[in-house]
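Each chain gets a letter, A, B and so on, in the order the sequences are listed, and its residues count up from 1.
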Number of protein chains: 2
Amino acid sequence: MIRFESPKVTADVVLFSIYNDNLQMLLVKRKNPPFRGQWALPGGFLERKESLLAAARRELFEETGVRHLYLEQLYTFGDPGRDPRGRVVTVAYFALVPSPLSVSAGSDAREAKWWPAGGLPKLAFDHKRIIECALTRLRAKLEYTNVAWSLLPKKFALTDLQKVYELVSGKELDKRNFRKKILSLGLLRPLKERRTGAHQRPARLYAFKTKKKVELKRFFK
Amino acid sequence: MIRFESPKVTADVVLFSIYNDNLQMLLVKRKNPPFRGQWALPGGFLERKESLLAAARRELFEETGVRHLYLEQLYTFGDPGRDPRGRVVTVAYFALVPSPLSVSAGSDAREAKWWPAGGLPKLAFDHKRIIECALTRLRAKLEYTNVAWSLLPKKFALTDLQKVYELVSGKELDKRNFRKKILSLGLLRPLKERRTGAHQRPARLYAFKTKKKVELKRFFK
DNA sequence: ATCTTTATTGTATAATCAACACTATATGAA
DNA sequence: TTCATATAGTGTTGATTATACAATAAAGAT
């Protein structure tokens, strides 16, 4: 029934974060051919007795040192010819970490770097397509789930949350309507604490009541 | 970099249709071990130089003779131990065909049969889980896309469309509100034709203006 | 005090959703 | 030809939700 040597299977991860007023993505520089020296998604081959999710988690940890994050399967890419070494089927994952995140310390020696979603370098393999797929998914999930909240730290101001929505969707939102809607969901707990900055009124901080995934009614517009 | 013999990759398909007042799914009886004689999803190993989508399409055609249908990637299952023969990664697809569909003529000699979603037999491998995943996807997509329309023939009455929504979602819908909403989308073209039945007023038939996938606002409730 | 910067709050209008019941038109039987 | 039956078709009202829009509050720096 098996008609040829099996494809190789990899797990690759599209990791998003927000800092510097930008939606950013983590890429690593390839140290081996093919595409040596080019930027690519972190990822690698599935190990024996390892689930796909575990492989994604392991690869990400090796590159970034990050262990706890939002991680879900994105899509599987398996067109013949997408890897010059031979048949490779890639199960892509989609991940979110709160900003700010220092990512320098990968145990893997590869260079890892955050890139703004708007200004990515030339990418190895079909990784451009995978990233487009991830961006589409992120924007879509923003509308009907609370995943975007994984991009924030434990304590945050409502303005921060609004910023996440604006940066990901690329649309400006009305502050009053945003706050009304978010608060009406009843998923945020206001904290005693405030955050103060230079020359401004201090902002009240909030925390999520739950870390669980929630399905919302379609969100904005 | 490759540490062990590669996993095998299969494409399996969860095919839905509606007839007999039921949401039905196509299963095939396995003629070889493992799970010989048990029911399973149609599918099989990826061929050389064949894309994942092409593999799903080919497997489905071999089992059912169906060529034109709605087909999208569902999810990839790769836990170690899900196939007793060894490591197998399955890319599952999700398919819809209009009813009624005669499916008897698979070129493959395997027995194929439609089963109502509510009364499935014991299934081989982890196919029960895959089917649950597909049902969840179908119900979700019903709410914010027009995919469910792939379950109808070219010409249909509004009652038929409502029936699709009711059978998939398991909820009864108000006839007046349903018709208002569907027609307000402007995606249906009323035909001259009517369909007549015994002892009843004839129903006007409609057709979809487009076959393309459309993203809708969240649909019912 | 005053200036600067960001935080916070409410209202009026429009659009959408949800609940609800009767009339219309065909067939077949009396 | 009338009647019974079965499904098709149609509007209104009240509730909820979405949108548009601008002034005041609190802190730090000078």
For this session: Using salt bridge (Lys or Arg N to Asp or Glu O under 4.0 Å) as the criterion, list what pairs up with A:R30, not counting sequence neighbours.
Result: none
Seminar exercise, completed: Atom CZ of A:F178 and atom C1' of C:dT6 are separated, to the nearest Å, by 16 Å
Seminar exercise, completed: Rounded to whole Å, CG of A:L216 lies from P of D:dT17 at a distance of 14 Å
Seminar exercise, completed: To the nearest angstrom, the NZ-P distance between B:K175 and C:dA21 comes to 14 Å
Exercise. Can you check whether B:R176 has a side-chain N or O nearer than 4.0 Å to OP1 or OP2 of C:dA19?
Worked result: no
Problem set entry | side chain to side chain contact (heavy atoms under 4.5 Å, CB included) assessment of B:L15 paired with B:V97 | CA-CA 7 Å; B:L15 175 62; B:V97 283; 3.9 Å; yes
Exercise. Who are the salt bridge (Lys or Arg N to Asp or Glu O under 4.0 Å) partners of A:K213, not counting sequence neighbours?
Worked result: A:E72
Exercise. Can you find a donor-acceptor N/O pair under 3.5 angstrom joining the side chain of B:N177 to the base of C:dC17?
Worked result: no
For this session: Kindly say if A:K181 contacts the phosphate of D:dA18, meaning a side-chain N or O under 4.0 Å from OP1 or OP2.
Result: yes
For this session: Whole angstrom is fine here: how far is it from CG in A:L188 over to P in C:dT8?
Result: 12 Å
Exercise. Between D:dT19 atom C1' and A:E172 atom CD, what is the distance in whole Å?
Worked result: 16 Å
For this session: Mind checking side-chain contact (heavy atoms from CB on, under 4.5 Å) for B:K209 and listing every partner two or more places apart, or none if nothing turns up?
Result: B:R189
For this session: Give a yes/no answer on whether the side chain of B:T159 brings an N or O atom under 4.0 Å of OP1 or OP2 in D:dA8.
Result: yes
Seminar exercise, completed: In whole angstroms, the gap separating P of C:dT8 from CD1 of A:I182 amounts to 14 Å
Exercise. Is the A:W149 ring parallel, tilted or perpendicular to the A:F208 ring (thresholds 30°, 60°)?
Worked result: parallel
Seminar exercise, completed: Comparing A:G197 with A:D174, nearest DNA chain D nucleotide closer to 5' gives the residue A:D174
Filtered N/O pairs between nucleotides 28-30 of chain C and protein, under 3.5 Å:
| residue | atom | partner | partner atom | Å |
| --- | --- | --- | --- | --- |
| C:dG28 | O4' | B:H199 | NE2 | 3.1 |

Seminar exercise, completed: When rounded to whole Å, the CZ to P distance for the pair A:R179 and C:dT6 reads 14 Å
Exercise. How is B:R204 classified with respect to the nucleic acid when contacts are heavy atoms under 4.0 Å: base, sugar-phosphate, or nothing?
Worked result: sugar-phosphate
Problem set entry | Residues in salt bridge (Lys or Arg N to Asp or Glu O under 4.0 Å) contact with B:K175, at least two apart in sequence or another chain | none
Exercise. Per the atom types in the model, does the base of D:dT17 pair as donor or acceptor with the side chain of A:K180 at under 3.5 Å?
Worked result: no
Problem set entry | Whole angstrom value for the distance that separates P of D:dT17 from CG of A:L183 | 15 Å
Problem set entry | Shortest non-hydrogen contact from B:T76 toward A:Q73 | N-NE2, 2.8 Å
Exercise. Do any pairs count as a side chain to side chain donor-acceptor pair (under 3.5 Å) and have a residue in residues 125-136 of chain B, sequence neighbours left out, and if so which ones?
Worked result: B:D12-B:H127, B:R82-B:D126, B:K128-B:E132
Exercise. With B:A55, which residues qualify under side-chain contact (heavy atoms from CB on, under 4.5 Å), at least two apart?
Worked result: B:A11, B:L46, B:E50, B:R58
For this session: Under the side-chain contact (heavy atoms from CB on, under 4.5 Å) rule, collect the residues that match up with A:Q200, sequence neighbours excluded.
Result: none
Problem set entry | With sequence neighbours excluded, residues passing salt bridge (Lys or Arg N to Asp or Glu O under 4.0 Å) with A:K180 | none
Exercise. When the C1' atoms of the five terminal pairs at each end define the local axes, what inter-axis angle does the helix from C:dA1-D:dT30 to C:dA30-D:dT1 show, to 10 degrees?
Worked result: 10°
Problem set entry | Counterpart residues, side-chain contact (heavy atoms from CB on, under 4.5 Å), relative to B:S169 (two or more places apart) | B:L142, B:K171
Find every protein N or O atom lying less than 3.5 Å from an N or O atom of nucleotides 23-25 of chain C, and list the pairs.
| residue | atom | partner | partner atom | Å |
| --- | --- | --- | --- | --- |
| C:dA24 | O4' | B:R201 | NH1 | 3.3 |
| C:dA24 | N3 | B:R201 | NH1 | 3.2 |
| C:dT25 | O2 | B:R201 | N | 3.1 |

